[in-house]
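Written below as structure tokens is the structure these notes are about.
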Number of protein chains: 2
Amino acid sequence: MQKTAKPKKTGRAADSVEKVYDAVKELAVEYRFKPGERVNEVELATKLGVSRTPVREALNRLARDGFMSFVPNRGFHARDITPEGVRELYELRAAIERAAFRLACERGTDAEIGETIAIWQNNSNLGPTTDWAAVAEADEAFHIAIVTLSKNGRMLNALEGVNSLIRFFRRIDLESNRRRSGTYDEHAAIIECLRRRDGDVGGELIERHITLSSAHAVDVTKEGLARIFFRRPD
Amino acid sequence: MQKTAKPKKTGRAADSVEKVYDAVKELAVEYRFKPGERVNEVELATKLGVSRTPVREALNRLARDGFMSFVPNRGFHARDITPEGVRELYELRAAIERAAFRLACERGTDAEIGETIAIWQNNSNLGPTTDWAAVAEADEAFHIAIVTLSKNGRMLNALEGVNSLIRFFRRIDLESNRRRSGTYDEHAAIIECLRRRDGDVGGELIERHITLSSAHAVDVTKEGLARIFFRRPD
DNA sequence: CAATCCATTACTGTATACACATTGATCTGT
DNA sequence: ACAGATCAATGTGTATACAGTAATGGATTG
């Protein structure tokens, strides 16, 4: 009997909430829900092959993550999309990453810093490409790597939450002409500060690096709206 | 028929989750659950007069807030208490407040800044007191007021989450001799920077102000442990 | 024709039932 | 006495039922 073929004969799933959470989070990250739209629990439950109970538990989690708003007797509604919201997220990200960079310079071992630099050098060898999803993924990984060096799991956790909330916009931002050019040099300068363990200068650099993106909040929001409403429903 | 006596004749509560969330969060904030202890769903549900369904929904929210950890098939467990965890929270708080202070200096109107200063002056007129809960509350309000001026709701939200996670320790910290003395002067210096809209200097001050507390993480954790395990069960 | 009212439909909120997993105490063989 | 097996008791995970609330659409009225 193959293991992957059948989900075993298990009478109980026992991890439905996690599965629903991951699936719905993915939908929410990509704005598959229209902004402000009510999320129908039975529909979602049916589509995912579970009952409403685990769906509601997952939605409660997602609400605390910032992906859903909840109105009593009116259920869960997908997050909105506004320039202010995007700007605020970028500003929070900048705050976390600046502080984390300074801690990383204090706490990262030589080996860890060297490893981080090596990974960046490999990833930046992508050369010219049009796979923006891959570029965005590498960018996110770069920033995560630095915050990991801060040895502050709470900051890392908070950053991951923010990242999932802005991922949709970050991709748009990186695709735009404005950011494409500068990103490499900015990362290079940040990496150089990390090598020198210059937390003050590097912290300022990374803060500005991110703030530059927050300045485009209006543009990426417009483009995001277009993608949400013009894409094929699939 | 009195209104408060009976919860009306309503057949459905319709806000059980909110009530449970608030009640259990209060317990978690004050460490009424022993660190790591499994939270018994039926027991909690019975005590609160509801069924397990809203209890589990509330616990799922609290898990995302950082008050509970969740292990499949083993339910929800109360958060741990460790010096590293406390330190990490203070560091995250410092990161948010520093950035928010700079934004507050840019974005707060003269009226808002004046109002914030006035509130602080009033609150600092408490004089010598031993009502540490009130002192801690005023302290938290002071910091919240500044972050509010940043006009960044996401930062404010994140800070409120962190605040609820460290409130237990903050009170201990403020009660200790170490912090009691310096706090007033530090706040005064920060307020003066806000008046001058000096975001850079004030940001550094507030960051250091908070980092000073993070340096006591080990001490407040020890004292916290003692209070958790030695207090009367009530 | 527009606005309002009302009945019907659709959806949410909570309780309960039951299957499965874990836990821990008792038993067994050595 | 003790490590491992066994089994009952406890507790979690999900589905379902039902009560109550909002949303919808058509009839009614000005």
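We name chains A, B, ... by the order of the sequence lines, and we start the count at 1 in each one. Side chains included, hydrogens not; waters and symmetry mates left out as well; all remaining heavy atoms used. All figures in this text were calculated on a predicted structure; none of them were measured in a lab.
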Practice prompt. Using ring pair (Phe, Tyr, Trp, His ring centres under 6.0 Å) as the criterion, list what pairs up with B/Y21, not counting sequence neighbours.
Written response: none
Item to complete: Return the value, rounded to whole Å, for the distance between atom CZ of A/R52 and atom P of D/dG13.
Response: 19 Å
Fill in: Residue A/R38, side-chain heavy atoms: nucleotide from C/dT14, D/dG13, C/dT12 that is nearest
C/dT12
Worksheet item: Base, sugar-phosphate alone, or nothing: which one does B/F76 contact when heavy atoms must sit under 4.0 Å apart?
Response: nothing
Worksheet item: Taking all atoms of both residues into account, what is the closest heavy-atom pair of A/A95 and B/A99, and its distance?
Response: CB-CB, 3.3 Å
Worksheet item: Is the CZ atom of B/F230 crowded by more than 12 outside heavy atoms at less than 6.0 Å?
Response: no
Practice prompt. Using atom CG of B/N40 as one end and atom P of D/dA9 as the other, report the distance to the nearest whole Å.
Written response: 18 Å
Worksheet item: Is a side-chain donor-acceptor pair under 3.5 Å present for A/N163 with A/R170?
Response: yes
Worksheet item: Between C/dC11 atom C1' and A/L44 atom CG, what is the distance in whole Å?
Response: 14 Å
Worksheet item: What is the nucleic acid contact for B/V39, judged by heavy atoms within less than 4.0 Å: base, sugar-phosphate only, or nothing?
Response: sugar-phosphate
Response to the item:
Looking only at D/dG11, C/dT12, C/dA17, the nucleotide nearest the A/R56 side chain is C/dT12
Discussion item. Base, sugar-phosphate or nothing for A/S16? Non-hydrogen atoms, less than 4.0 Å.
Written reply: sugar-phosphate
Discussion item. Looking only at the side chain of B/V17 (C-beta and beyond, no hydrogens), which of the listed nucleotides C/dA21, C/dT14, D/dT14 gets closest?
Written reply: C/dT14
Worksheet item: Over its full length, what angle do the end axes of the helix from C/dC1-D/dG30 to C/dT30-D/dA1 make, each axis taken from five pairs and the result rounded to 10 degrees?
Response: 10°
Worksheet item: C/dA21 P sits how many Å from B/R74 CZ, rounded?
Response: 13 Å
Practice prompt. Find the distance A/D15:CG to D/dA15:C1' and express it as a whole number of Å.
Written response: 16 Å
Item to complete: Quickly work out the B/E18 CD to C/dT14 C1' distance and round it to whole Å.
Response: 14 Å
Fill in: Distance, nearest 0.5 Å, that separates CZ of B/R61 from CZ of B/F67
14.0 Å
Item to complete: Nearest whole angstrom, please: distance from the P of C/dA15 to the CD of A/E57.
Response: 14 Å
Practice prompt. Grab the CD-P distance between A/E41 and C/dT12 for me, whole Å please.
Written response: 4 Å
Discussion item. Could you check whether atom CD of B/E137 has more than 12 heavy atoms from other residues, nucleotides or ligands sitting under 6.0 Å from it?
Written reply: no
Response to the item:
Sorted by position of nearest nucleotide on DNA chain C, 5' first, the leading residue of B/P54 and A/A14 is B/P54
Item to complete: Could you check A/S51 against B/G75 and say which one's nearest nucleotide on DNA chain D is further toward the 5' end?
Response: B/G75
Discussion item. Taking the basic N atoms (NZ, or NE/NH1/NH2) and the acidic carboxylate oxygens, is any pair closer than 4.0 Å for B/R87 and B/E91?
Written reply: yes
